[in-house]
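First up is the structure itself, then whatever we jot down about it.
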Amino acid sequence: MKGIVIDLPPSRRSVEVRAASFEEASNSIEVIWTTGEKVRRYSWRDEGYYDEELVVNASNIRMGRLNNGAPFLDTHDDWQLSSVIGAVVPGSAKFVGGNGLARVALSVAPEHEGIIANIKASIIRNISVGYRIHRVEKTESDDGSVPIWRIVDWAPLEISAVPVPADAGSMIRSERRKGEDEKRLAPCEFVGLRDDSAAAALARMRMSLS
């Protein structure tokens with residue numbers, strides 16, 4: 001079924017760092033970068049809540065960037081090299097029991113010693129994955145229930161250490177973030193989206209980015 005294409009900014013989701021998996025020899029740690037768990041979100045395009053479900057298997061996820069050494073960042077800051085506190089070990093991203101796992105090599109730079117030490121000590125526990133959505137199967141009903149967005153084509157872009165996991169229900173963005181998102185919009189195909197709702201959503205999205 002041919003869908004409707006709407007430009008979307010990158011998305012984020014909370015994931016887990018496994019401090020106990022630290023390997024001294026390789027100075028690396030294992031992370032769970034997705035579980036595919038259904039998450040309640042708020043759409044700044046549709047002005048309403050929806051449930052997002054990531055499909056987790058090799059045929060639905062574009063693994064190229066992750067397995068080519070995607071960056072491990074300090075709070076999603078991809079504007080300066082000093083924010084790169086590690087990198088995904090090439091070829092280490094995989095699927096186990098419905099979860100996405102990867103091994104991250106940690107920075108050895110002196111300026112990152114404090115952050116890395118806190119990760120090893122489980123002081124910094126929260127990480128977040130940034131990803132691009134390419135195709136959504138959207139289910140809507142007339143009974144007032146929350147729509148379901150089934151993400152059937154998506155690509156992890158980076159993994160970040162964060163102080164607080166992203167609140168899935170909050171889409172309040174700073175002025176800087178609005179500008180960043182506008183520059184990073186990329187086409188995403190929606191299947192099952194009503195034509196009238198698509199037009200209205202696109203208009204609201206453009207207004208929110210102005």
With hydrophobic residues grouped by side-chain heavy-atom distances under 4.5 Å, do V146 and I151 end up in a single group? yes
Pair E158-S160, side-chain donor/acceptor within less than 3.5 Å: yes
So, do V136 and R150 sit near enough that their side-chain heavy atoms are less than 4.5 Å apart? no
Going by side-chain hydrogen bond (donor to acceptor under 3.5 Å, both in side chains), name the residues that satisfy it together with S92, two or more places apart in sequence or in a different chain. none
Determine, stepwise, if the pair E52 / I133 fulfils side chain to side chain contact (heavy atoms under 4.5 Å, CB included). CA-CA 11 Å; E52 181 189 87; I133 299 173; 3.8 Å; yes
May I have the step-by-step check of side chain to side chain contact (heavy atoms under 4.5 Å, CB included) for V31 and L101, ending in yes or no? CA-CA 6 Å; V31 301; L101 306 180; over 6 Å; no
Distance col, row R41:CZ vs Y49:OH, nearest 0.5 angstrom, shows 12.5 Å
Is it true that a side-chain atom of S107 and a backbone atom of I85 form a donor plus acceptor pair closer than 3.5 Å? no
Please determine, by modelled atom types, if D143 and S145 share a side-chain donor-acceptor pair under 3.5 angstrom. yes
Give the minimum heavy-atom separation between P163 and N126, together with the two atoms involved. O-ND2, 3.4 Å
Can a salt bridge be assigned to the pair K38 and D51 using a cut-off of 4.0 Å between side-chain N and carboxylate O? no
Will you find, in the side chains of N27 and E24, an N or O donor that is under 3.5 Å from an N or O acceptor? no
Would you compute the distance between atom CG of L54 and atom OG1 of T34 and round it to the nearest 0.5 angstrom? 5.0 Å
Kindly work out whether a path of hydrophobic side-chain contacts (I/L/V/M/F/W/Y, heavy atoms less than 4.5 Å apart) joins I115 to V104. yes
Within-4.5 Å side-chain heavy-atom neighbours: H76 and V162: yes
Would you say M63 ends up clustered with V89 if hydrophobic residues are merged whenever their side chains have heavy atoms under 4.5 Å apart, either directly or through other cluster members? no
Check the pair I159, V88 against side chain to side chain contact (heavy atoms under 4.5 Å, CB included), reporting the backbone distance first and the verdict last. CA-CA 8 Å; I159 299 172; V88 175; 4.0 Å; yes
Are side-chain heavy atoms of Y131 and I61 found at a separation under 4.5 Å? no
Has the side chain of T75 got a donor or acceptor atom that lies under 3.5 Å from a matching backbone atom of D77? no
Do the non-hydrogen side-chain atoms of L66 and W33 ever get within less than 4.5 Å of each other? yes
Apart from V152 itself, residues in the same hydrophobic cluster as defined by side-chain heavy atoms under 4.5 Å: V55
Once the angle between the rings of W149 and Y50 is folded into 0 to 90°, is it parallel (under 30°), tilted (30 to 60°) or perpendicular (over 60°)? parallel
Correct closest heavy-atom pair for A93 and N67 would be N-OD1, 2.9 Å
If a pair satisfies salt bridge (Lys or Arg N to Asp or Glu O under 4.0 Å) and one of its residues is in residues 57-67, list it, with sequence neighbours excluded. R62-D153
Is the side chain of N60 donor-acceptor paired with the backbone N or O of V56 at a distance under 3.5 Å, no angle test? no
Derivation of the side chain to side chain contact (heavy atoms under 4.5 Å, CB included) call for L106 and F22: CA-CA 10 Å; L106 300 174; F22 175 71; 4.2 Å; yes
Going from CG on N118 to CD1 on I124, what distance comes out if it is rounded to the nearest 0.5 angstrom? 4.5 Å
Would you tell me whether S83 and D74 have side-chain atoms, one donor and one acceptor, within less than 3.5 Å of each other? no
When you compare the side chain of R103 with that of E23, does any pair of heavy atoms fall below 4.5 Å? yes
Grab the two heavy atoms, one from G69 and one from A87, that are nearest each other, plus how far apart they are. O-CB, 4.1 Å
When clusters are formed by joining ILVMFWY residues with side-chain heavy atoms under 4.5 Å apart, either directly or through shared neighbours, do I29 and I116 land in the same one? yes
